[in-house]
Participant: 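For reference, the structure I am asking about is given below.
In what follows, chains carry the letters A, B, and so on, assigned in the order in which the sequence lines appear, proteins first and then strands, with residues in each chain numbered from 1.
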Amino acid sequence: MLNEVSENLHRIRHSLAHVLAQAVQKYRPGTKLGFGPAISDGFYYDFLLSEPISDEDLPAIQKLMVEIIKEGQEFSSEELAIPDAIARLGEMGEPYKAEYAQELADKNGLESLTFYTNGPFVDMCEGPHVETTRNIPRNAFKLHNIAGAYWRGDEKNQMLTRIYGWAFEDKKQLRTYQHAREEAVKRDHRKLGAELDLFIIDDHVGPGLPLWLPNGAVIIDELQKLGEEFEFIDGYQRVHTPMLTKGSLYEISGHLELYKEAMFPAMKLGGEDEDGEEYYLRPMNCPHHHILFASRPRSYRDLPFRMAEYGHTFRNERSGSLHGLSRVRAMCMNDAHIYCTKEQVREEFVRVLDLHKRYYDLLELDNYFFRLSMWDPDDPKGKEKYIDDPAGWEYATNEIREAMKESNLPYREVKGEAAFYGPKVDVQFLTVGLKEFTVSTTQLDFGIPQRFVDNGIDCTYIDSEGKKQVPFVIHRAPLSTHERFASFLIERYGGAMPTWLAPVQVKLLPVGAEFCEYANKVCAELRKNFIRAEVDLSSDTLGKKIRQGTVRKIPNLLVLGANEVEAESVTVRRYGIKEQRNYSIAEFTARLLTEIKERKHVKVWEDADALME
RNA sequence: GCCCACGUGGCUCAGUGGUAGAGCACAUCCUUGGUAAGGAUGGGGUCGCCAGUUCAAUUCUGGCCGUGGGCUCCA
């Protein structure tokens with residue numbers, strides 16, 4: 001479903017990286033090579049350029065690449081023993097490659113390395129490649145971007161210049177991909193957010209701190225209602241906790257040790273000079289919930305205890321990673337913590353996964369898979385990154401894996417991406433622009449409650465034999481944060497929200513001034529039913545009113561004139577549907593209320609009819 | 001944070017070493033209009049901020065702030 005790439009395409013992309021490197025070394029002699037892999041939509045290569053280049057140089061480099069392809073250079077490979085390989089790379093003047101060759105010998109114990117040659121170009125590379133550059137379609141790739149990238153991705157290292165290219169098996173695929181990218185630009189939530197007056201991010205407030213306008217507030221309020229309803233049905237209980245907390249709590253939870261980088265600096269009570277207690281804006285809600293759990297003795301009969309909060313949290317994200325609503329510094333999470341026994345973990349996890357599926361089905365979201373992110377026992381920095389409890393990690397990971405299998409949802413496993421306190425499951429969606437995007441995460445925590453207990457906070461329950469036990473905790477946020485989820489939905493729907501989510505659900509358009517009174521009357525009737533209706537009282541022509549209602553992507557436009565007044569009716573134009581219909585006021589109201597209550601997506605009139613059956 | 005690019009009215013953008021323009025939006029008036037832009041008039045910008053060069057800077061240079069694309073998908 002996602003990013004399935006044929007062996008042939010992979011060879012083409014990887015070979016194109018070599019062709020790019022050859023072209024760049026011709027264009028900028030003396031340029032040193034970094035890495036140049038095939039990636040999900042093409043390839044890139046990192047260079048230390050002898051002289052800088054800009055976007056304007058890309059067409060010239062692409063032209064050089066086409067010439068190389070036309071030459072029909074054949075790829076051949078040879079194996080060199082490590083010392084010979086390093087000597088060779090020295091002769092070639094490739095310090096980065098030589099460094100990597102040494103590392104492969106030292107750390108991975110390789111004894112020989114492969115070199116690929118095509119035409120005048122030689123590169124240390126694992127392959128595989130096409131037989132000849134003539135096998136690369138010359139009209140199915142495009143250099144599209146230049147960006148900085150650290151050598152080995154480490155910001156302590158030299159910054160190299162990365163050139164990205166898209167590459168496919170034929171011209172049509174490239175075009176399809178480019179169209180998707182263009183569509184993504186059109187639907188960008190930052191653009192739609194401004195056009196539809198949903199939110200702003202203002203310098204006076206600060207980067208990464210979005211402000212919701214009334215239209216946007218409607219969307220997040222409706223999402224929150226949805227979350228609260230579904231969670232009520234699933235037995236969650238709501239709580240409210242403060243956004244500010246003593247640093248000592250985060251010492252207990254481990255956040256100050258393992259998560260401090262993402263936290264805002266401490267505020268000191270009693271002024272800078274005094275020995276006051278330090279307070280922090282919370283980066284997560286879990287410590288507060290654990291305190292609530294520990295606030296009185298709990299019985300195993302109370303478990304699972306599902307504690308939910310739409311909690312505001314604050315994270316000091318790196319300035320360069322901020323992005324519209326999808327990467328912010330102040331956010332409101334659809335958060336809950338499920339306290340359960342060891343034996344209940346799997347069943348609760350299955351329920352949580354099922355909740356995800358119900359949300360996605362209702363929102364008509366597809367193209368996703370679940371990614372099980374595990375700890376990496378071989379990570380040399382593991383002790384700094386993860387709670388040190390191998391048996392705990394193993395049990396937790398296995399329970400999630402079994403829950404995934406039982407739920408029969410598409411999933412993959414990756415090492416090294418876990419939270420510091422436990423493995424997690426991320427939901428990866430394919431965006432409009434055909435990129436992978438993490439929407440929500442669920443984490444299984446087997447470590448933090450124990451830390452509370454170790455620090456004298458009784459985060460335990462009494463089991464059936466009267467003994468104290470530390471619960472397992474599932475952290476889950478299927479609707480992610482308001483910010484991130486709204487950004488995703490706006491792009492998925494292209495700003496055209498289903499009626500239940502639409503900021504303005506009905507716009508009434510009197511065809512002339514004398515029908516304003518009737519429009520106001522119908523509007524009042526709709527608003528009595530809690531339908532978000534407005535009248536267009538401007539002196540614009542009907543055509544203009546329709547255009548403006550359409551541009552605002554309002555799901556229901558009601559045209560009201562003499563015919564409607566006489567029949568006590570409304571003429572309905574649905575967004576995206578050509579055919580108009582006429583209903584009595586009562587019937588239109590009833591239909592719309594059903595549609596809103598069911599949270600349905602109406603794309604053709606038959607969808608609306610089906611609701612009334 | 002780092003690399004590259006960008007920063008002109010609310011929005012989209014043009015333009016210039018001699019203190020600025022268009023369309024949309026907004027306001028007022030005319031039009032009372034039946035299915036995606038009726039017409040006229042008008043208000044609105046110390047050209048991101050701070051320095052420097054210059055007789056003169058929105059334009060050139062530097063710094064800062066902000067935005068955008070990237071920053072291990074690994075021979």
Participant: Send over the distance from A:K545 NZ to B:A36 P, rounded to a whole Å.
Facilitator: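 Taking NZ of A:K545 and P of B:A36, I get 14 Å after rounding.
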
Participant: When all nucleic acid strands are considered with a 4.0 Å heavy-atom cut-off, which category describes A:G320: base, sugar-phosphate, or nothing?
Facilitator: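 A:G320: base contact, heavy atoms under 4.0 Å.
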
Participant: NA contact type, A:K435, heavy-atom cut-off 4.0 Å: base, sugar-phosphate, or nothing?
Facilitator: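 Sugar-phosphate, backbone atoms only, no base.
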
Participant: Between the base of B:U72 and the side chain of A:R152, is there a donor and acceptor pair under 3.5 angstrom?
Facilitator: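 No, the side chain and the base share no sub-3.5 Å donor-acceptor pair.
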
Participant: What does A:K97 touch in the nucleic acid at a heavy-atom separation under 4.0 angstrom: a base, only the sugar-phosphate, or nothing?
Facilitator: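 The answer is sugar-phosphate, as A:K97 gets under 4.0 Å only of primed atoms, P, OP1 or OP2.
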
Participant: Touch check for A:I201, heavy atoms < 4.0 angstrom, all strands: base, sugar-phosphate only, or nothing?
Facilitator: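 Nothing: the residue A:I201, judged by heavy atoms under 4.0 Å, touches no strand.
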
Participant: Distance check needed: B:U72 C1' versus A:Y100 OH, whole Å only.
Facilitator: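 Those two atoms, OH and C1', are 9 Å apart.
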
Participant: Over how many whole Å does the gap from A:K544 atom NZ to B:C24 atom P extend?
Facilitator: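 Checked: the NZ to P distance equals 8 Å.
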
Participant: Can you find a donor-acceptor N/O pair under 3.5 angstrom joining the side chain of A:E564 to the base of B:G34?
Facilitator: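 Counting by modelled atom types and ignoring angles, a donor-acceptor contact under 3.5 Å is found here.
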
Participant: Using the C1' atom on both, measure B:U19 against B:U59 and round to a whole Å.
Facilitator: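 Going atom to atom, C1' in each nucleotide, I get 12 Å.
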
Participant: Assign A:Q580 to base, sugar-phosphate, or nothing according to its heavy-atom contacts below 4.0 angstrom with the strands shown.
Facilitator: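 Base, at least one base heavy atom under 4.0 Å.
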
Participant: With distance as the sole test, does A:S373 use its side chain to make a donor-acceptor pair with the main-chain N or O of A:V414 at under 3.5 Å?
Facilitator: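 Pair absent, no side-chain N/O of A:S373 close to backbone of A:V414.
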
Participant: For the side chain of A:R28 and the backbone of A:S50, is there at least one donor-acceptor N/O pair under 3.5 Å apart?
Facilitator: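 No; zero donor-acceptor contacts below 3.5 Å.
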
Participant: Using a heavy-atom cut-off of under 4.0 Å over every strand shown, decide if A:R190 touches base, sugar-phosphate, or nothing.
Facilitator: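 Sugar-phosphate only.
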
Participant: Does the pair A:N215 and A:I219 meet the rule for a side-chain contact (heavy atoms from CB on, under 4.5 Å), with working shown?
Facilitator: CA-CA 7 Å; A:N215 285 344; A:I219 295 174; over 6 Å; no

Participant: Would you mind classifying the nucleic acid contact of A:A562 as base, sugar-phosphate or nothing, using non-hydrogen atoms under 4.0 angstrom?
Facilitator: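 Since a base atom lies under 4.0 Å of A:A562, the category is base.
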
Participant: Per the atom types in the model, does the base of B:G1 pair as donor or acceptor with the side chain of A:Y150 at under 3.5 Å?
Facilitator: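 Donor-acceptor pair under 3.5 Å: yes.
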
Participant: Could you check how far CD of A:E99 sits from P of B:U72, rounded to whole Å?
Facilitator: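 Between P of B:U72 and CD of A:E99: 16 Å.
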
Participant: Which is true for A:F115 with a 4.0 Å heavy-atom rule: it touches a base, it touches only sugar-phosphate, or it touches nothing?
Facilitator: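 Touches nothing.
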
Participant: Distance check needed: B:C4 P versus A:D57 CG, whole Å only.
Facilitator: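 The distance from CG of A:D57 to P of B:C4 comes to 14 Å, rounded to the nearest Å.
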
Participant: Can you tell me, in whole Å, how much space there is between the C1' of B:G45 and that of B:G9?
Facilitator: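 Roughly 5 Å separates the two C1' atoms.
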
Participant: Using whole Å, what does the distance between atom P of nucleotide B:G68 and atom CG of A:L322 come to?
Facilitator: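 Roughly 8 Å, once rounded to whole Å.
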
Participant: After noting the C-alpha distance and the side-chain angles of A:R88 and A:E78, does the key distance pass the salt bridge (charged side-chain N to carboxylate O under 4.0 Å, His left out) rule?
Facilitator: CA-CA 12 Å; A:R88 176 88 175 263; A:E78 59 180 316; 3.3 Å; yes

Participant: Regarding A:T114, tell me which of base, sugar-phosphate or nothing describes its non-hydrogen contacts under 4.0 Å with the strands shown.
Facilitator: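 A:T114: base contact, heavy atoms under 4.0 Å.
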
Participant: Any side-chain donor-acceptor pair under 3.5 Å between A:E564 and A:T571?
Facilitator: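 Short answer, yes.
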
Participant: Using whole Å, report how far CG of A:N157 lies from C1' of B:C3.
Facilitator: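 Rounded to the whole Å, the gap is 14 Å.
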
Participant: For the pair made of CE in A:M159 and P in B:C4, what is the distance, rounded to whole Å?
Facilitator: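 Between P of B:C4 and CE of A:M159: 8 Å.
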
Participant: Heavy atoms from C-beta onward define the side chain here; which of B:A36, B:G69, B:G66 lies closest to that of A:N145?
Facilitator: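 When the side chain of A:N145 is considered, B:G69 is the closest of B:A36, B:G69, B:G66.
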
